[in-house]
Amino acid sequence: MAQTKFDKQVEETAESMVFGIGRILAGWDLDGIKRTDATFWRSGTRVLPKVEGRVARRSYRAGWQRLSFRLVLGAGATEGGYLLSRDPETTAQIVQDLWENRDAALATLETGGIGAASVAAVGGLAYGILTRKRRELMREWVVPLHQALAVPLGIAEQTDPRRYLHVPVNFNDDDAAIRIDVPAHLRFNEDLVADLIVKKLALENVSFTWRRAGKDTHVIVKKRHIPPKVLRLSDPGMREILAKMPESAPLIGLGANKKKVSVDLDHDSPHVLISAGTGGGKSTILRCICCQFIHHGALAYVLDYKRISHTWARGVPGVTYCRDIAEIHDALIQLVQEGRRRIRLAEQLGDDVLEKEPWRVGPRLVILLEEVNATMAQLKRYWERIRESGDPKVSPAVDALAEILFMGRAVRLHVLLVAQSATARAIGGPEMRENFATRILVRYTLNTWRMLVPEVSPAPAPTRHPGRVQVVLGGRAQETQVLNLSDAEAREWAMSGVHTSGEAGPPLPNPPTPEPAPVLPAPSTEPSPAPAVDPSGLTDT
């Protein structure tokens, strides 16, 4: 007898049920498609070559794990139905009570729904906060590394990179270890793979330990040469190193292999930008650099709107400490006038004289500008309060800072500027930010790095190691451990040099009347005598 359509449907349904039960018991995907190399007893590590599209995480689990989950889920559903079916009278009574009190039941469900939604929202927010760093790690580092290594290692691009790339969140810390599982066949170029790892993770001075035997083939990547974990003046040889540093190139710290890291303000960059969040050690960096300049006879202006960032410098000969916004306003105008005087004198002396005797224009002036974001805003507000009819709208102090940044090395005026967020708007424009050829970044975000140092890519991962910074100069970033001087040590070092006897330098001219715009006067035809020298230097206001 010919098989009817109904019989065919029954046979097909029975066959589908048999295959479905078999897939459930075998721990396969229910559609029967094998997507990874997972077996019943072993978890998968990579996607099979012909599989297309995204592969769910459950496809990597071993068959026995998926079977266990399905049995537990099925048992829970069966148990719930069984408990209700054993007592039909109770079940009917529950349904009847819910129907008779449906308004109260709906109100309860509504309240419960709001509560559940609130719990879900709070839980989702907490989950997002707790996993933010991990998600950033995957997006910025792990996925790009997987895309670079997939072809050289012969791994399917659909493979979940977490299956073979074990990169810790703090992978840039000194003692962190990166493990990368590689195919057992070893049919790849190890040098190429190592080079890609270094480039994509922005690593420097690392070692590679390859395990080539057995099934568990992998490579371990660790830092090989690292800066000192802590750097203090009491460390052996540090005082000698500090004493030998050139007058124009103060020590910032030590890099890998104890390499001295410094910036020469007469050759590399006349100004330094320090970008760091709260607690990043900005004041420690400034204290280290500034006390060395004072030691060699420089005069320092500390423009500290916070009032307490550099208490070590109060009373030190050669230092003017400006705390109030009015003092900072007047100091910047005073300094730009001194810069103009030095420009005129430099023109008269000529390049040949200045190259041999740069001190002829005057002593080195170092300007510490703390918290530029808040200080610039306060300067603008202060000018709005004191501005009279006919005065320019733009604060002359803000204009003075811009002019100082463009004056160049010959006038020996140097700005050490600190900012939590050194945006172009905070500093006064992108062209002003470009005057800082040396930039020191600590505890930075990737967005901050891309804004301040776009020429160095990829950005090295930030570290929470105390005192560890990235010094960027000439398109190269160098990891550095900053010399940590205590307040007493910085004060002692500053006063142990030229200013020991309280002697020294020329005073700055009195603050001028604010002008509509800074204009450099024409040079005089005859040389003008240098101003009188006042040994007391700048005083603490």
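Keep in mind that what you see is a predicted model, and the values were worked out from it rather than measured. Sequence positions, counted from 1, serve as the residue numbers for this chain.
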Side chain proximity check, Ser262 to Met245, heavy atoms < 4.5 angstrom
yes
Qualifying residues under side-chain contact (heavy atoms from CB on, under 4.5 Å), relative to Gln478, sequence neighbours excluded:
Lys259, Val261, Arg476, Thr480
Would you say His218 and Asp181 are linked by a side-chain donor-acceptor pair, where the criterion is simply a distance under 3.5 Å?
no
Is it true that Asp173 and Lys223 have a side-chain N and a carboxylate O under 4.0 angstrom from each other?
no
Go through the structure and list residues passing salt bridge (Lys or Arg N to Asp or Glu O under 4.0 Å) with Lys306, not counting sequence neighbours.
Glu371
Heavy atoms of Gly475 and Val456 approach each other most closely as O-CG2, 3.5 Å
Residues Asp195, Lys199; criterion salt bridge (Lys or Arg N to Asp or Glu O under 4.0 Å); working and verdict:
CA-CA 6 Å; Asp195 187 56; Lys199 288 182 178 179; 3.2 Å; yes
Kindly compute the distance separating CD1 (Ile328) from CD1 (Ile333), expressed to the nearest 0.5 Å.
12.5 Å
With sequence neighbours left out, the residues meeting salt bridge (Lys or Arg N to Asp or Glu O under 4.0 Å) with Glu357 are Arg360
Is there a side chain to side chain contact (heavy atoms under 4.5 Å, CB included) between Leu345 and Leu349? Walk through the geometry before answering.
CA-CA 6 Å; Leu345 183 57; Leu349 293 173; 3.9 Å; yes
Report yes if the side chains of Met238 and Leu254 come closer than 4.5 Å at any heavy-atom pair, otherwise no.
yes
Test side chain to side chain contact (heavy atoms under 4.5 Å, CB included), reference Asp174, set Gln481, Lys222, Arg468, output is Arg468
Once you round to the nearest 0.5 Å, how far does CG of Leu379 lie from CZ of Arg381?
10.5 Å
Among all residues two or more places apart in sequence or in another chain, which pass the side-chain contact (heavy atoms from CB on, under 4.5 Å) test with Cys291?
Trp312, Leu485, Ala490, Trp493, Ala494
Under a 4.5 Å cut-off applied to non-hydrogen side-chain atoms, are Leu149 and Ile197 in contact?
yes
Can you tell if the side chain of Glu403 reaches within under 4.5 Å of the side chain of Val336, non-hydrogen atoms only?
yes
One pair to check against salt bridge (Lys or Arg N to Asp or Glu O under 4.0 Å): Arg287 and Glu489. What are the steps and the verdict?
CA-CA 10 Å; Arg287 186 165 62 233; Glu489 289 173 337; over 6 Å; no
What residues, two or more places apart in sequence or in another chain, satisfy ring-ring contact (aromatic ring centres under 6.0 Å, His included) together with Phe171?
Trp141
For side chain to side chain contact (heavy atoms under 4.5 Å, CB included), just list the numbers for Leu441 and Val472, CA-CA rounded to whole Å, side-chain angles, deciding distance to a tenth of an Å, and then say yes or no.
CA-CA 8 Å; Leu441 289 85; Val472 183; 4.2 Å; yes
Does either side chain, that of Tyr301 or that of Gln334, offer a donor lying less than 3.5 Å from an acceptor on the other one?
yes
Do any pairs count as a ring-ring contact (aromatic ring centres under 6.0 Å, His included) and have a residue in residues 447-467, sequence neighbours left out, and if so which ones?
Tyr444-Trp449
CG-CG distance between Leu332 and Leu335, expressed to the nearest 0.5 angstrom:
6.5 Å
For Asn172, enumerate each residue passing the side chain to side chain donor-acceptor pair (under 3.5 Å) test, keeping only those at least two apart in sequence or located in another chain.
none
What residues, two or more places apart in sequence or in another chain, satisfy side-chain contact (heavy atoms from CB on, under 4.5 Å) together with Val151?
none
Excluding sequence neighbours, so at least two apart, what forms side-chain contact (heavy atoms from CB on, under 4.5 Å) with Glu190?
Phe188, Trp210, Arg212
Measure from the side-chain N and O atoms of Trp383 to the backbone N and O of Pro392, and report whether any donor-acceptor pair falls under 3.5 Å.
yes
More than 12 non-hydrogen atoms from neighbouring residues, nucleotides or ligands closer than 6.0 Å to CZ on Arg232, yes or no?
no
Audit row: Leu251, Ile241, side chain to side chain contact (heavy atoms under 4.5 Å, CB included) steps and yes/no
CA-CA 9 Å; Leu251 180 75; Ile241 292 175; 4.2 Å; yes
Who passes salt bridge (Lys or Arg N to Asp or Glu O under 4.0 Å) against Arg450, sequence neighbours left out?
Glu140
So among Val372, Leu368, Ile367, Leu417, which one has a side chain to side chain contact (heavy atoms under 4.5 Å, CB included) with Leu303?
Ile367
Between Tyr164 and His146, is a ring-ring contact (aromatic ring centres under 6.0 Å, His included) present by the stated rule, with each step listed?
CA-CA 9 Å; Tyr164 74 102; His146 163 66; 5.8 Å; yes
Taking salt bridge (Lys or Arg N to Asp or Glu O under 4.0 Å) as the definition, give me every residue that meets it alongside Arg439, ordered by chain and number, with sequence neighbours left out.
Glu434
Salt-bridge test for Glu338 and Arg342: reply yes if a basic N is under 4.0 Å from a carboxylate O, no otherwise.
yes
Going by side chain to side chain donor-acceptor pair (under 3.5 Å), name the pairs with one or both residues in residues 237-256, residues two or more places apart or in two chains.
Glu247-Arg364, Ser248-Asp264
Just verifying a value: how many Å separate Asn257 CG and Asn205 CG, rounded to the nearest 0.5 Å?
6.5 Å
